[in-house]
There are 2 protein chains.
Amino acid sequence: MTEVEKTLDNKSVRPTAMRILIYKFMASKNTAVALTDIENAFDKAERTTLYRTLKTFEEKGIVHQIDDGTNISKFALCEPGCNCEIDQDLHLHFHCGQCDKTVCLTEHKIPQINLPQGYIAEDVNLVIKGICDSCNDH
Amino acid sequence: MTEVEKTLDNKSVRPTAMRILIYKFMASKNTAVALTDIENAFDKAERTTLYRTLKTFEEKGIVHQIDDGTNISKFALCEPGCNCEIDQDLHLHFHCGQCDKTVCLTEHKIPQINLPQGYIAEDVNLVIKGICDSCNDH
DNA sequence: CCATTAAATGCACTTCTGTTGCACCATCTA
DNA sequence: TAGATGGTGCAACAGAAGTGCATTTAATGG
(Lines give C-alpha, C1' and ligand atoms only; values in the text may rest on other atoms or scores of the structure.)
Protein backbone atom coordinates (compact mmCIF):
# COMPACT_ATOMS: atom_id res chain seq x y z
CA MET A 1 0.00 0.00 0.00
CA THR A 2 1.48 3.33 -1.05
CA GLU A 3 1.38 6.58 0.86
CA VAL A 4 -1.45 7.90 -1.24
CA GLU A 5 -3.48 4.76 -0.79
CA LYS A 6 -3.01 4.99 2.93
CA THR A 7 -4.11 8.59 2.96
CA LEU A 8 -7.29 7.81 1.08
CA ASP A 9 -7.95 4.78 3.19
CA ASN A 10 -7.54 6.84 6.33
CA LYS A 11 -10.32 9.08 5.16
CA SER A 12 -12.57 6.16 4.31
CA VAL A 13 -12.23 6.66 0.58
CA ARG A 14 -11.63 3.55 -1.47
CA PRO A 15 -8.32 4.02 -3.24
CA THR A 16 -9.22 3.28 -6.83
CA ALA A 17 -6.82 3.82 -9.72
CA MET A 18 -8.54 7.00 -10.85
CA ARG A 19 -8.67 8.47 -7.39
CA ILE A 20 -5.01 7.82 -6.81
CA LEU A 21 -4.18 9.50 -10.09
CA ILE A 22 -6.30 12.52 -9.23
CA TYR A 23 -4.80 12.74 -5.79
CA LYS A 24 -1.27 12.53 -7.12
CA PHE A 25 -1.99 15.15 -9.73
CA MET A 26 -3.30 17.54 -7.14
CA ALA A 27 -0.38 16.83 -4.86
CA SER A 28 2.04 17.64 -7.66
CA LYS A 29 0.51 21.10 -8.03
CA ASN A 30 1.07 23.87 -5.57
CA THR A 31 -1.99 25.68 -6.83
CA ALA A 32 -5.69 25.00 -6.60
CA VAL A 33 -7.00 23.18 -9.66
CA ALA A 34 -10.24 23.35 -11.56
CA LEU A 35 -12.08 20.28 -12.73
CA THR A 36 -11.13 21.16 -16.27
CA ASP A 37 -7.46 21.29 -15.33
CA ILE A 38 -7.55 17.68 -14.24
CA GLU A 39 -9.60 16.71 -17.25
CA ASN A 40 -6.96 18.16 -19.55
CA ALA A 41 -4.11 16.60 -17.66
CA PHE A 42 -5.22 13.09 -18.49
CA ASP A 43 -6.10 11.72 -21.86
CA LYS A 44 -8.98 9.58 -20.87
CA ALA A 45 -10.60 11.38 -18.02
CA GLU A 46 -14.31 11.51 -17.61
CA ARG A 47 -15.81 14.77 -16.38
CA THR A 48 -18.43 13.00 -14.34
CA THR A 49 -15.91 10.82 -12.58
CA LEU A 50 -13.76 13.80 -11.72
CA TYR A 51 -16.79 15.73 -10.60
CA ARG A 52 -17.94 12.99 -8.28
CA THR A 53 -14.46 12.14 -7.12
CA LEU A 54 -13.85 15.71 -6.06
CA LYS A 55 -17.20 15.76 -4.34
CA THR A 56 -16.30 12.63 -2.43
CA PHE A 57 -12.88 14.01 -1.60
CA GLU A 58 -14.48 17.15 -0.27
CA GLU A 59 -17.00 15.30 1.87
CA LYS A 60 -14.27 13.21 3.37
CA GLY A 61 -12.04 16.18 4.07
CA ILE A 62 -9.34 15.33 1.55
CA VAL A 63 -9.72 18.49 -0.47
CA HIS A 64 -11.47 21.79 0.08
CA GLN A 65 -13.35 23.70 -2.52
CA ILE A 66 -12.26 27.23 -3.27
CA ASP A 67 -14.32 29.95 -4.74
CA ASP A 68 -11.82 32.44 -6.08
CA GLY A 69 -14.21 34.76 -7.82
CA THR A 70 -13.69 33.38 -11.31
CA ASN A 71 -16.98 31.54 -11.08
CA ILE A 72 -15.06 28.34 -11.60
CA SER A 73 -14.76 26.04 -8.62
CA LYS A 74 -11.21 25.18 -7.66
CA PHE A 75 -9.98 22.44 -5.38
CA ALA A 76 -6.89 22.06 -3.27
CA LEU A 77 -5.62 19.24 -1.10
CA CYS A 78 -6.11 19.83 2.57
CA GLU A 79 -2.80 20.03 4.37
CA PRO A 80 -2.32 18.30 7.70
CA GLY A 81 -3.29 21.40 9.65
CA CYS A 82 -6.21 22.29 7.41
CA ASN A 83 -9.38 22.17 9.46
CA CYS A 84 -11.72 23.31 6.74
CA GLU A 85 -14.78 22.63 8.80
CA ILE A 86 -13.84 24.54 11.88
CA ASP A 87 -14.55 28.24 11.67
CA GLN A 88 -11.55 29.29 13.63
CA ASP A 89 -8.96 27.81 11.35
CA LEU A 90 -9.79 29.02 7.89
CA HIS A 91 -6.94 30.16 5.74
CA LEU A 92 -7.25 32.59 2.91
CA HIS A 93 -6.70 32.21 -0.81
CA PHE A 94 -4.91 34.29 -3.35
CA HIS A 95 -5.90 34.54 -6.98
CA CYS A 96 -3.43 35.95 -9.47
CA GLY A 97 -5.07 37.87 -12.25
CA GLN A 98 -2.07 37.41 -14.50
CA CYS A 99 -1.33 33.68 -14.45
CA ASP A 100 -4.88 32.95 -13.28
CA LYS A 101 -3.62 30.64 -10.57
CA THR A 102 -5.13 30.30 -7.14
CA VAL A 103 -3.04 29.33 -4.16
CA CYS A 104 -3.76 28.56 -0.53
CA LEU A 105 -2.01 30.83 1.91
CA THR A 106 -2.27 28.30 4.68
CA GLU A 107 -0.23 30.25 7.15
CA HIS A 108 -2.53 33.25 6.82
CA LYS A 109 -5.60 32.83 8.96
CA ILE A 110 -8.77 34.82 8.57
CA PRO A 111 -9.20 37.22 11.47
CA GLN A 112 -12.27 37.08 13.64
CA ILE A 113 -15.10 39.22 12.30
CA ASN A 114 -17.90 40.64 14.40
CA LEU A 115 -21.26 40.37 12.71
CA PRO A 116 -24.34 42.48 13.36
CA GLN A 117 -26.88 41.26 15.90
CA GLY A 118 -28.78 38.19 14.74
CA TYR A 119 -26.33 36.99 12.13
CA ILE A 120 -24.75 33.57 12.55
CA ALA A 121 -21.53 32.74 10.71
CA GLU A 122 -21.02 29.22 9.51
CA ASP A 123 -18.35 29.63 6.90
CA VAL A 124 -15.96 32.33 5.80
CA ASN A 125 -14.41 32.82 2.41
CA LEU A 126 -11.63 35.31 1.90
CA VAL A 127 -9.97 35.70 -1.46
CA ILE A 128 -7.39 38.29 -2.31
CA LYS A 129 -6.85 39.09 -5.95
CA GLY A 130 -3.73 40.62 -7.36
CA ILE A 131 -0.35 39.63 -8.66
CA CYS A 132 1.44 36.61 -7.25
CA ASP A 133 5.15 36.48 -6.49
CA SER A 134 6.07 34.57 -9.65
CA CYS A 135 4.34 37.02 -11.96
CA ASN A 136 5.69 39.90 -9.94
CA ASP A 137 9.26 38.85 -10.73
CA HIS A 138 8.94 39.55 -14.40
CA MET B 1 -34.32 65.25 -14.37
CA THR B 2 -35.08 62.87 -11.58
CA GLU B 3 -32.74 61.83 -8.80
CA VAL B 4 -31.92 58.58 -10.54
CA GLU B 5 -31.18 60.29 -13.82
CA LYS B 6 -28.88 62.69 -12.05
CA THR B 7 -27.06 59.84 -10.37
CA LEU B 8 -26.49 58.06 -13.64
CA ASP B 9 -25.49 61.24 -15.36
CA ASN B 10 -23.00 61.98 -12.60
CA LYS B 11 -21.30 58.72 -13.36
CA SER B 12 -21.25 59.37 -17.10
CA VAL B 13 -23.89 56.79 -17.84
CA ARG B 14 -26.61 57.79 -20.21
CA PRO B 15 -29.89 57.53 -18.36
CA THR B 16 -31.98 55.43 -20.69
CA ALA B 17 -35.36 54.05 -19.76
CA MET B 18 -34.05 50.56 -19.19
CA ARG B 19 -31.15 51.72 -17.09
CA ILE B 20 -33.38 53.81 -14.89
CA LEU B 21 -35.67 50.84 -14.37
CA ILE B 22 -32.78 48.59 -13.46
CA TYR B 23 -31.36 51.17 -11.12
CA LYS B 24 -34.67 51.68 -9.37
CA PHE B 25 -35.19 47.96 -9.04
CA MET B 26 -31.82 47.52 -7.41
CA ALA B 27 -32.40 50.50 -5.16
CA SER B 28 -35.68 48.98 -3.99
CA LYS B 29 -33.88 45.84 -2.84
CA ASN B 30 -31.71 45.75 0.21
CA THR B 31 -29.99 42.63 -1.04
CA ALA B 32 -27.62 41.94 -3.89
CA VAL B 33 -29.38 40.78 -7.02
CA ALA B 34 -28.46 38.31 -9.71
CA LEU B 35 -28.96 39.03 -13.36
CA THR B 36 -31.75 36.48 -13.39
CA ASP B 37 -33.52 38.27 -10.55
CA ILE B 38 -33.81 41.41 -12.64
CA GLU B 39 -34.80 39.43 -15.69
CA ASN B 40 -37.67 37.87 -13.79
CA ALA B 41 -38.74 41.15 -12.28
CA PHE B 42 -39.62 42.64 -15.64
CA ASP B 43 -41.77 41.11 -18.29
CA LYS B 44 -39.85 42.26 -21.26
CA ALA B 45 -36.25 42.25 -20.17
CA GLU B 46 -33.50 41.14 -22.43
CA ARG B 47 -30.70 39.20 -20.76
CA THR B 48 -28.07 40.73 -23.00
CA THR B 49 -29.18 44.23 -22.17
CA LEU B 50 -29.13 43.48 -18.46
CA TYR B 51 -25.77 41.83 -18.79
CA ARG B 52 -24.24 44.78 -20.57
CA THR B 53 -26.01 47.33 -18.42
CA LEU B 54 -24.63 45.78 -15.26
CA LYS B 55 -21.21 45.68 -16.83
CA THR B 56 -21.44 49.36 -17.67
CA PHE B 57 -22.73 50.14 -14.19
CA GLU B 58 -19.82 48.29 -12.70
CA GLU B 59 -17.23 50.03 -14.83
CA LYS B 60 -18.65 53.40 -13.88
CA GLY B 61 -18.77 52.59 -10.18
CA ILE B 62 -22.53 52.50 -9.85
CA VAL B 63 -22.70 48.91 -8.72
CA HIS B 64 -20.18 46.41 -7.50
CA GLN B 65 -20.12 42.77 -8.37
CA ILE B 66 -20.30 40.27 -5.57
CA ASP B 67 -19.14 36.74 -5.66
CA ASP B 68 -20.95 35.07 -2.80
CA GLY B 69 -19.85 31.53 -3.47
CA THR B 70 -23.01 30.42 -5.23
CA ASN B 71 -21.23 30.69 -8.56
CA ILE B 72 -23.83 33.20 -9.62
CA SER B 73 -22.67 36.77 -9.91
CA LYS B 74 -24.61 39.19 -7.80
CA PHE B 75 -24.69 42.97 -8.00
CA ALA B 76 -25.41 45.66 -5.45
CA LEU B 77 -25.63 49.42 -5.72
CA CYS B 78 -22.63 51.22 -4.38
CA GLU B 79 -23.56 53.40 -1.44
CA PRO B 80 -22.13 56.91 -1.09
CA GLY B 81 -19.22 55.68 1.00
CA CYS B 82 -18.52 52.64 -1.13
CA ASN B 83 -15.07 52.98 -2.60
CA CYS B 84 -15.00 49.65 -4.38
CA GLU B 85 -11.80 50.44 -6.13
CA ILE B 86 -9.76 51.48 -3.16
CA ASP B 87 -8.26 48.60 -1.25
CA GLN B 88 -8.64 50.17 2.14
CA ASP B 89 -12.37 50.61 2.07
CA LEU B 90 -13.83 47.27 1.14
CA HIS B 91 -16.82 46.05 3.04
CA LEU B 92 -17.75 42.43 3.43
CA HIS B 93 -20.74 40.46 2.28
CA PHE B 94 -22.99 38.00 3.96
CA HIS B 95 -24.74 35.15 2.23
CA CYS B 96 -27.63 33.43 3.98
CA GLY B 97 -27.83 29.74 3.21
CA GLN B 98 -31.48 29.66 4.17
CA CYS B 99 -33.12 32.47 2.21
CA ASP B 100 -30.24 32.51 -0.27
CA LYS B 101 -29.93 36.27 -0.06
CA THR B 102 -26.70 38.19 -0.13
CA VAL B 103 -26.36 41.51 1.65
CA CYS B 104 -23.66 44.13 1.91
CA LEU B 105 -22.46 44.77 5.43
CA THR B 106 -21.22 48.20 4.53
CA GLU B 107 -20.26 49.16 8.04
CA HIS B 108 -18.01 46.13 8.38
CA LYS B 109 -14.67 46.75 6.78
CA ILE B 110 -12.20 44.10 5.84
CA PRO B 111 -9.15 44.21 8.09
CA GLN B 112 -5.74 44.73 6.63
CA ILE B 113 -4.09 41.45 5.64
CA ASN B 114 -0.36 40.97 5.35
CA LEU B 115 0.61 39.00 2.29
CA PRO B 116 3.79 36.99 1.77
CA GLN B 117 6.76 38.68 0.12
CA GLY B 118 6.16 39.44 -3.54
CA TYR B 119 2.39 39.32 -3.52
CA ILE B 120 0.47 42.42 -4.53
CA ALA B 121 -3.14 42.80 -3.48
CA GLU B 122 -5.49 44.57 -5.84
CA ASP B 123 -8.85 43.40 -4.64
CA VAL B 124 -10.23 41.63 -1.63
CA ASN B 125 -13.34 39.55 -1.42
CA LEU B 126 -14.69 38.45 1.92
CA VAL B 127 -17.94 36.55 2.15
CA ILE B 128 -19.38 35.10 5.31
CA LYS B 129 -21.96 32.39 4.96
CA GLY B 130 -24.49 31.51 7.58
CA ILE B 131 -27.93 32.52 8.76
CA CYS B 132 -29.10 36.09 8.43
CA ASP B 133 -31.06 37.96 11.08
CA SER B 134 -34.43 37.53 9.37
CA CYS B 135 -34.07 33.78 9.05
CA ASN B 136 -32.68 33.60 12.56
CA ASP B 137 -35.87 35.08 14.00
CA HIS B 138 -38.00 32.14 13.04
C1' DC C 1 -35.26 70.66 -38.09
C1' DC C 2 -33.15 67.14 -40.51
C1' DA C 3 -29.12 64.18 -41.37
C1' DT C 4 -25.29 61.91 -39.56
C1' DT C 5 -23.08 59.39 -36.09
C1' DA C 6 -22.54 56.95 -31.88
C1' DA C 7 -24.51 54.40 -28.34
C1' DA C 8 -27.94 51.17 -26.62
C1' DT C 9 -30.95 47.36 -27.34
C1' DG C 10 -32.90 42.90 -29.04
C1' DC C 11 -32.30 38.44 -31.17
C1' DA C 12 -29.92 34.30 -32.20
C1' DC C 13 -26.46 31.50 -31.18
C1' DT C 14 -22.31 29.44 -28.94
C1' DT C 15 -19.54 27.92 -25.13
C1' DC C 16 -18.54 26.29 -20.66
C1' DT C 17 -19.43 24.54 -16.05
C1' DG C 18 -22.18 21.98 -13.26
C1' DT C 19 -25.38 18.25 -12.70
C1' DT C 20 -28.27 14.02 -13.14
C1' DG C 21 -29.94 9.37 -14.86
C1' DC C 22 -28.85 5.10 -16.31
C1' DA C 23 -26.18 1.22 -17.60
C1' DC C 24 -22.07 -1.29 -16.88
C1' DC C 25 -18.03 -2.82 -14.37
C1' DA C 26 -15.14 -3.71 -10.20
C1' DT C 27 -14.77 -4.99 -5.61
C1' DC C 28 -16.14 -6.85 -1.34
C1' DT C 29 -18.78 -10.14 1.48
C1' DA C 30 -21.66 -13.81 2.85
C1' DT D 1 -19.96 -18.18 -6.55
C1' DA D 2 -23.92 -14.97 -6.18
C1' DG D 3 -25.45 -10.81 -4.65
C1' DA D 4 -24.86 -6.24 -2.94
C1' DT D 5 -22.45 -2.05 -2.89
C1' DG D 6 -19.89 1.42 -4.81
C1' DG D 7 -17.23 3.40 -8.78
C1' DT D 8 -17.01 4.60 -13.68
C1' DG D 9 -18.46 5.91 -18.40
C1' DC D 10 -21.79 7.72 -21.60
C1' DA D 11 -25.40 10.73 -22.84
C1' DA D 12 -28.01 14.38 -22.07
C1' DC D 13 -29.67 18.65 -19.86
C1' DA D 14 -29.74 23.22 -17.27
C1' DG D 15 -28.15 27.58 -16.44
C1' DA D 16 -24.96 31.41 -16.81
C1' DA D 17 -21.72 33.81 -19.45
C1' DG D 18 -20.45 35.76 -23.54
C1' DT D 19 -20.36 37.26 -28.79
C1' DG D 20 -21.88 38.97 -33.47
C1' DC D 21 -24.98 41.38 -35.97
C1' DA D 22 -29.00 43.95 -37.20
C1' DT D 23 -32.05 47.45 -35.52
C1' DT D 24 -33.61 51.06 -32.77
C1' DT D 25 -32.79 55.11 -29.89
C1' DA D 26 -30.49 59.15 -28.49
C1' DA D 27 -26.96 62.98 -29.10
C1' DT D 28 -24.77 66.31 -32.19
C1' DG D 29 -23.67 69.36 -35.95
C1' DG D 30 -24.98 71.85 -39.91
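Within every chain, numbering begins at 1; the chains are lettered A, B, ... in the order of the sequence lines, protein sequences first and strands thereafter. Keep in mind that the numbers below use all heavy atoms, side chains included, and drop hydrogens, waters and symmetry copies. From a predicted model like this one, the values you see are computed outputs, not experimental measurements.
In terms of phosphate contacts, B/Thr36 brings a side-chain nitrogen or oxygen within less than 4.0 Å of OP1 or OP2 of D/dA16. Distances shown here put a side-chain N or O of B/Thr49 below 4.0 Å from the OP1 or OP2 atom of C/dG10. Checking the phosphate oxygens (OP1, OP2) of D/dG7, no side-chain nitrogen or oxygen of A/Thr53 falls inside 4.0 Å. B/Tyr51 has no side-chain polar atom (N or O) that falls below the 4.0 Å cut-off from OP1 or OP2 of D/dA17. Here A/Ser73 reaches the OP1 or OP2 of C/dG18: one of its side-chain N or O atoms lies under 4.0 Å away. Contact between the side-chain N/O atoms of A/Thr56 and the OP1/OP2 oxygens of D/dG7 is not found at any separation under 4.0 Å.
Within 6.0 Å of NZ on B/Lys129 lie more than 12 heavy atoms contributed by other residues, nucleotides or ligands.
Remark on DNA chain C: of its neighbouring residues B/Asn71 and B/Ala45, the 5'-side contact belongs to B/Ala45, judged by nearest-heavy-atom nucleotide. Mapping B/Arg14 and B/Gln65 onto DNA chain D by nearest heavy atom places B/Gln65 at the nucleotide closer to the 5' end. Comparing A/Arg52 and A/Arg47 along DNA chain D, the residue whose closest nucleotide (by nearest heavy atom) sits nearer the 5' end is A/Arg52. Of the two residues contacting DNA chain C, namely A/Glu39 and B/Val13, the nearest-nucleotide position lying further toward the 5' end is that of B/Val13.
Counting to the nearest Å, the P atom of D/dG9 and the CG atom of A/Leu21 are 11 Å from each other. Distance A/Lys74 NZ to C/dC16 P: 16 Å, rounded to the nearest Å. Regarding A/Leu50, its CG atom lies at a distance of 11 Å from the C1' atom of D/dG9, rounded to whole Å. Rounded to whole Å, the distance from CG on B/Leu8 to P on D/dA26 is 14 Å. A/Glu46 has its CD atom 5 Å from the C1' atom of D/dG9, to the nearest Å. The interatomic distance linking B/Ile38 (CD1) with C/dT9 (P) rounds to 13 Å, in whole Å. Nucleotide D/dA17 holds its C1' atom 16 Å from the CG atom of B/Asp37, rounded to whole Å. Nucleotide C/dA26 holds its C1' atom 14 Å from the CD1 atom of A/Ile20, rounded to whole Å.
With salt bridges taken as basic N to acidic carboxylate O contacts below 4.0 Å, one links B/Lys6 and B/Glu3.
For B/Ile72, taking side-chain heavy atoms from C-beta onward, the closest of the listed nucleotides D/dA16, C/dT19, C/dT17 is D/dA16.
Contact check for A/Cys104 versus A/Ile66: side-chain heavy atoms found under the 4.5 Å cut-off. Put simply, the side chain of B/Ser134 does not reach to within 4.5 Å of the side chain of B/Gln98, judged on heavy atoms.
The base of D/dG6 does not come close enough to the side chain of A/Arg19 for any donor and acceptor atom to sit less than 3.5 Å apart.
Within the nucleic acid shown, A/Thr16 comes within 4.0 Å of sugar-phosphate atoms alone, with no base atom in reach, counting heavy atoms only.
Residues A/Phe94 and B/Tyr119 bring their aromatic ring centres within 6.0 Å.
To the nearest 0.5 Å, the span separating OG1 on B/Thr48 from CD on B/Glu39 amounts to 9.0 Å.
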